[in-house]
J.: 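Please find one structure pasted underneath; my questions will follow.
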Amino acid sequence: MRIFECTRCHHAAFFENTRCVHCDAVLAYDFEQDKMLSLEPMAHTPPSNQPSSIYQSFTDGQKYHLCQNNSQYGVCNSAIAEKNSGQYCSSCQLNELIPDLSVAGNLAAWQAVEQAKRRLIYTLYQLGLPVNRDKNGLPTGLRFAFLADSIGQNNVMTGHDAGLITINIAEADAPFREKLRVDMGEGYRTLLGHFRHEIGHFYWDILVRNSKWLSEFRTLFGDENQNYSEALQRHYECGPVPGWQSDFISSYATMHPWEDWAETWAHYMHMIDTLETARFYGLSLDARISLDAETLSTGSIAVKKADFKELMAGWIPLTVALNSLNRSMGLKDPYPFKLTSHIVQKIEFVHRLINN
Ligand SMILES: [Zn+2]
Ligand SMILES: [Zn+2]
Ligand SMILES: [Zn+2]
């Protein structure tokens with residue numbers, strides 16, 4: 001993730017900010033232009049005394065309106081150019097179902113879910129992947145449903161089905177998530193991680209299935225035709241095979257080639273986002289990744305297009321530093337993964353597929 005700035009006062013701004021902490025301008029991210037906008041509300045037009053819902057950019061006077069999930073619920077910080085008629089930003093328009101907001105706590109959970117989702121969507125755009133529409137302008141079918149368990153009903157399963165990504169909003173609750181992480185013996189469990197995993201299934205369907213990549217996929221990840229429900233049952237009954245760490249990024253990845261793919265895909269997204277952030281803070285722990293002015297200005301694109309060996313050379317020392325910094329603060333390792341050559345081969349496959 002890049003670090004943005006308020007274009008009015010040039011103070012640093014984060015992706016999630018809604019106000020400039022220095023000059024109080026309204027900040028809103030525009031997915032279409034990939035820009036953080038500094039805005040001011042336009043004066044109301046008499047005879048109405050209602051404040052105007054139209055905002056004007058401090059830099060070029062362009063007019064915008066806020067995404068409805070921004071103005072109405074505060075779960076989004078996007079603006080949309082006034083000439084575009086849609087109510088919702090590129091991220092919010094993918095929502096098919098949102099939680100029941102009459103239930104206490106659901107708004108806060110939804111807010112956390114949307115924040116993770118916006119990061120996901122940001123990186124997908126940076127990677128040039130089809131999000132709302134494919135290269136022919138047709139809808140990709142990607143949608144999101146954010147649901148809560150209700151008493152007496154089946155638990156909501158986080159998962160992907162034919163373009164619909166369902167997230168159980170209980171995952172926004174840190175104690176709930178941490179308990180599951182420990183119960184399931186996972187090293188890493190985050191909302192953002194769920195999004196990156198599930199979107200991996202979505203892209204398998206549209207980029208790997210029926211493509212020239214399928215045979216290489218099978219060589220690296222195994223045959224996806226093996227029975228999924230049997231694999232699931234075996235995984236929960238017997239656990240991963242001993243020594244799984246040399247071939248799989250996580251124990252969950254051992255379950256079925258599709259899960260190995262989704263876990264590997266998610267890992268690639270972790271890498272790209274974290275490397276991009278590091279670069280914007282001027283952190284480079286390997287001289288082979290240059291930090292010249294041109295690279296900085298092109299930011300994520302440079303990370304994406306970088307040679308895979310370069311990415312890896314930058315990534316490994318960065319993760320060591322990341323863990324060490326956290327240990328200095330008495331925190332657990334944010335990067336509890338070990339990359340072996342087989343795992344790196346699989347990540348490289350994802351890199352090649354995305355950048356081909
Ligand atoms: Zn400012
Ligand atoms: Zn929005
Ligand atoms: Zn999965």
Side-chain angles (χ1 to χ4, degrees), residues 3-32 36-40 57-59 64-81 84 86-95 98 110-111 113-122 131-132 144 146 157-162 164-168 171 184 186 189 193-205 221 224 228-229 231-232 235-236 248-267:
I3 301 151
F4 298 88
E5 65 166 24
C6 167
T7 50
R8 183 200 202 184
C9 74
H10 302 291
H11 198 276
F14 299 109
F15 183 59
E16 289 83 8
N17 285 165
T18 54
R19 288 268 176 184
C20 172
V21 293
H22 186 244
C23 77
D24 206 36
V26 170
L27 296 178
Y29 179 74
D30 179 4
F31 280 98
E32 297 308 316
M36 186 64 83
L37 307 162
S38 299
L39 304 171
E40 63 177 341
S57 159
F58 277 108
T59 38
Y64 294 87
H65 60 268
L66 301 183
C67 169
Q68 195 170 325
N69 283 346
N70 186 353
S71 53
Q72 194 174 359
Y73 300 114
V75 300
C76 164
N77 69 330
S78 275
I80 309 155
N84 299 347
Q87 280 174 289
Y88 293 103
C89 71
S90 303
S91 170
C92 291
Q93 60 185 240
L94 297 165
N95 289 354
I98 61 159
W110 183 32
Q111 200 159 29
V113 166
E114 286 293 347
Q115 205 165 80
K117 173 173 147 242
R118 292 168 61 76
R119 283 213 164 222
L120 168 83
I121 305 290
Y122 168 87
V131 180
N132 305 63
F144 292 89
F146 304 132
M157 294 296 290
T158 290
H160 166 262
D161 183 20
L164 179 68
I165 291 176
T166 301
I167 302 282
N168 183 342
E171 293 283 346
M184 297 174 87
E186 296 171 349
R189 190 181 185 95
H194 284 309
F195 276 105
R196 288 175 174 164
H197 174 103
E198 300 307 338
I199 204 81
H201 290 304
F202 170 73
Y203 285 116
W204 193 88
D205 280 356
F221 294 84
E224 80 285 359
Y228 187 86
S229 35
L232 185 72
H235 181 75
Y236 286 117
F248 298 92
I249 192 70
S250 68
S251 75
Y252 192 65
T254 66
M255 201 251 274
H256 188 277
W258 277 335
E259 297 309 338
D260 190 12
W261 162 263
E263 286 289 89
T264 307
W265 177 281
H267 207 84

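Remember, predicted model here, so these are calculated numbers, not experimental data. Both counts, for ligands and for their atoms, begin at 1 and track the order of listing. What's counted below: heavy atoms across the whole structure, side chains too, no hydrogens, waters or symmetry copies.
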J.: Looking at Asn70 and Ser78, would you say the former's side chain and the latter's main chain have a donor-acceptor pair under 3.5 Å?
T.: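 Yes: the side chain of Asn70 pairs with the backbone of Ser78.
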J.: Between the main-chain N or O of Phe58 and the side-chain N or O of Glu40, is there a donor-acceptor pair closer than 3.5 Å?
T.: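 No: the side chain of Glu40 does not pair with the backbone of Phe58.
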J.: Given 3.5 Å as the limit, does a donor-acceptor pair link the side chain of His197 with the main chain of Gly159, or not?
T.: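 Between the backbone of Gly159 and the side chain of His197 there is no qualifying donor-acceptor contact (under 3.5 Å).
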J.: Contact between Phe31 and Arg118 at the side-chain level, heavy atoms closer than 4.5 Å - yes or no?
T.: yes
J.: Is the backbone N or O of Phe202 less than 3.5 Å from a side-chain atom of Asp205, with the two atoms forming a donor-acceptor pair by type?
T.: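 Pair absent, no side-chain N/O of Asp205 close to backbone of Phe202.
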J.: Any non-hydrogen side-chain atom of Leu27 less than 4.5 Å from a side-chain atom of Asn77?
T.: no
J.: Please list, in chain and residue-number order, the protein N/O/S atoms closer than 2.8 Å to the Zn ion (ligand 1).
T.: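 Listed by chain and number: Cys6 SG, Cys9 SG, Cys20 SG, Cys23 SG.
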J.: Would you compute the distance between atom OH of Tyr228 and atom NE2 of His256 and round it to the nearest 0.5 angstrom?
T.: 7.5 Å
J.: Any N/O/S atom of His197 sitting less than 2.8 Å from the Zn ion (ligand 3), backbone or side chain?
T.: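 Given the 2.8 Å cut-off, His197 counts as a ligand of the Zn ion (ligand 3).
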J.: Using modelled atom types only, decide if a donor and an acceptor are shared between the side chain of Trp258 and the backbone of His201 within a distance under 3.5 Å.
T.: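 Answer holds: no.
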J.: Can you list the protein N, O or S atoms less than 2.8 Å from the Zn ion (ligand 2)?
T.: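 Atoms qualifying: Cys67 SG, Cys76 SG, Cys89 SG, Cys92 SG.
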J.: Tell me which N, O or S atom from Glu259 is the closest to the Zn ion (ligand 3).
T.: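 Glu259's closest N, O or S atom to the Zn ion (ligand 3) is named OE1.
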